[in-house]
Engineer: 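Take this structure, written in structure tokens, and hold onto it; I'll ask about it next.
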Amino acid sequence: MLLHDKFGRAITDLRISITDRCNYKCVYCRTGNEGALYGDLPFADYLRMARVLVGMGIRKVRLTGGEPLLRNGVVEFVRELAKLRPQGLKPQVSRGDDGTAKAVPFQGSSQDLLDGDERLDIALTTNGHLLADLAQPLKEAGLTRVTVSMDAVDPDRFARITRVPGGYDRVLAGVRAARRAGLWPLKVNCVLMRGFNEDQIIPFGMFAREEGLTVRFIEFMPLEEGRTWSPATVVTLDEILARMAEYRPLVEIPHGRSETARRYRFDDGVGEIGIVAPVSHPFCGHCSRIRITSDGKIRTCLFSVWDHDLHAQMRRGACDEELAEFIQGVVQKKEERHHIGEPDFVPASRTMVHIGG
Ligand code: SAM
């Protein structure tokens with residue numbers, strides 16, 4: 001069985017948070033204080049979860065956090081992940097009543113089977129603070145690509161947003177190291193929050209062109225610790241496009257159905273920007289993601305009001321087939337869509353830093 005939810009959406013993308021610790025305290029994500037942590041698991045546990053899920057049709061794994069590069073051993077973890085081969089569902093081995101292994105016949109469609117040579121797409125989302133030294137080892141271990149979060153291209157503003165002095169130069173060095181290492185496509189994510197950085201739109205357009213990378217603007221979502229979100233704080237897709245057009249004309253690039261970002265290039269072909277607009281232009285109907293939190297819970301939506309404890313199943317000794325059954329059941333509960341900005345909106349049960357964005 002490949003993973004599909006009850007709305008017929010194929011689940012092919014997995015995000016694993018490998019820690020909920022973070023060395024930045026970005027204003028749109030955290031309060032200035034250290035909050036309580038949910039904690040993290042040994043890498044072997046995430047690896048087993050990933051292995052079972054790859055056997056169920058996951059083709060892309062994104063490592064996130066907290067700040068994933070704070071975890072010692074992340075390079076070795078990527079090396080192990082890179083040994084997994086996405087293959088749809090191959091014949092599986094389960095335990096018979098007498099405890100012996102027996103093959104379970106394949107029940108999917110043959111067109112869902114990959115050829116076995118395809119590599120798992122392994123991506124990383126990081127604040128980039130520790131990336132300069134890790135980019136090359138991560139690439140050699142099998143990381144495919146990286147997204148670096150940067151919310152200003154001005155060192156002072158950057159420090160005000162992250163609440164960490166001196167980070168800008170380190171992150172820029174990390175971005176450039178990633179490019180040298182061949183971690184491609186290289187993307188920079190910028191969350192726009194009114195009153196903090198909407199004046200960075202055009203500077204980021206220039207940055208995308210100068211650095212030859214994709215800058216993706218993300219609409220601010222109500223997932224922050226301080227509960228400061230309101231519709232007025234969101235800088236929307238339309239506003240970003242209008243502001244950027246004052247700098248240079250943009251041409252829309254066709255994008256894949258489950259891609260979160262709408263993509264644009266500048267009229268002269270130099271530089272690309274993307275806009276992820278979950279608030280003004282929701283894309284839930286094409287969502288192909290599930291998440292595992294650092295403490296081993298499955299979340300079927302960023303805005304879920306509950307988690308599903310996969311690690312508890314492992315602790316009680318479930319075999320891989322039982323884990324797969326549990327996951328299948330959880331995926332059936334995937335929410336149809338989020339309700340941001342609607343009167344019935346209920347805040348998620350965790351904030352972004354403890355989910356893994
Ligand atoms: N520490 C890593 C980083 O900075 O990229 C990974 C974790 S961070 C939670 C993942 C992404 O979520 C970042 O790009 C961050 O900007 C984004 N993010 C955090 N809070 C957000 C919010 N309330 N709305 C939209 N994006 C948010």
Side-chain angles (χ1 to χ4, degrees), residues 15-31 35 37-38 40 61-71 74 123-131 134 138 143 145-152 158 161-164 167-168 170-171 174-175 178 183 186-198 200 204 214-231 233-237 240 260-261 274-283 289 291-294 299 301-303 338 340-341 345 347-348 350-357:
R15 297 192 177 193
I16 307 178
S17 170
I18 57 174
T19 177
D20 61 342
R21 287 179 292 129
C22 192
N23 47 349
Y24 281 10
K25 296 191 179 73
C26 300
V27 290
Y28 56 83
C29 187
R30 309 189 57 198
T31 67
L37 297 172
Y38 288 83
D40 51 40
V61 176
R62 178 173 291 278
L63 305 184
T64 182
E67 173 44 43
L69 297 188
L70 289 177
R71 255 324 269 273
V74 62
L124 169 78
T125 301
T126 171
N127 61 29
H129 196 83
L130 300 171
L131 185 59
L134 285 168
L138 284 166
L143 189 73
R145 52 211 174 101
V146 67
T147 300
V148 181
S149 304
M150 275 180 84
D151 305 301
F158 189 87
I161 292 172
T162 57
R163 299 182 171 119
V164 169
Y168 182 77
R170 291 187 66 124
V171 173
V175 168
L183 289 165
L186 177 58
K187 292 177 189 157
V188 163
N189 271 3
C190 166
V191 176
L192 291 171
M193 188 180 176
R194 196 171 309 284
F196 278 93
N197 60 348
E198 71 266 45
Q200 297 288 298
F204 264 118
T214 302
V215 171
R216 299 196 320 174
F217 298 101
I218 304 179
E219 289 179 349
F220 177 39
M221 293 179 278
L223 287 165
E224 75 294 3
E225 288 179 336
R227 302 294 185 207
T228 49
W229 187 93
S230 75
T233 58
V234 181
V235 183
T236 62
L237 176 139
I240 298 165
T260 52
I275 305 180
V276 183
V279 180
S280 69
H281 295 73
F283 38 82
R289 278 169 293 284
R291 291 175 160 80
I292 292 177
T293 62
S294 59
R299 287 184 70 87
C301 173
L302 273 175
F303 293 94
H338 70 62
I340 301 175
F345 176 74
R350 292 187 185 210
T351 56
M352 188 67 120
V353 69
H354 303 296
I355 297 173

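Start at 1 with the first residue, then count along the sequence. When a ligand or atom number is given, it counts from 1 through the structure's own listing order.
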Engineer: Report yes if some heavy atom in the side chain of Tyr28 is under 4.5 Å from a heavy atom in the side chain of Phe196; otherwise report no.
Structural biologist: no
Engineer: Any protein N or O within less than 3.5 Å of an N or O in ligand 1? List each pair with its distance, or say none.
Structural biologist:
from, atom 1, to, atom 2, distance (Å)
ligand 1, 1 (N), Gly66, O, 2.8
ligand 1, 1 (N), Glu67, OE1, 3.0
ligand 1, 4 (O), Ser149, OG, 3.3
ligand 1, 5 (O), Thr126, O, 3.4
ligand 1, 5 (O), Ser149, OG, 2.5
ligand 1, 14 (O), Ser149, OG, 2.8
ligand 1, 16 (O), Tyr28, OH, 2.8
ligand 1, 23 (N), Tyr28, O, 3.4
ligand 1, 23 (N), Met221, O, 2.9
ligand 1, 24 (N), Met221, N, 3.0

Engineer: State which residues pass side-chain contact (heavy atoms from CB on, under 4.5 Å) with Leu186; sequence neighbours excluded, sorted by chain then number.
Structural biologist: Val146, Val175, Ala178, Arg179, Trp184, Leu213
Engineer: Could I get the full list of side-chain contact (heavy atoms from CB on, under 4.5 Å) partners for Thr351, not counting sequence neighbours?
Structural biologist: Glu225, Arg227, Val353, His354
Engineer: For His129, check side chain to side chain donor-acceptor pair (under 3.5 Å) against everything at least two apart and list the hits.
Structural biologist: Tyr24, Arg170
Engineer: Considering only heavy atoms from C-beta outward, does the side chain of Trp229 approach that of Ile340 to under 4.5 Å?
Structural biologist: yes
Engineer: Apply the side chain to side chain donor-acceptor pair (under 3.5 Å) test between Thr125 and each candidate in Arg62, Glu67, Lys187; give the one that qualifies.
Structural biologist: Arg62
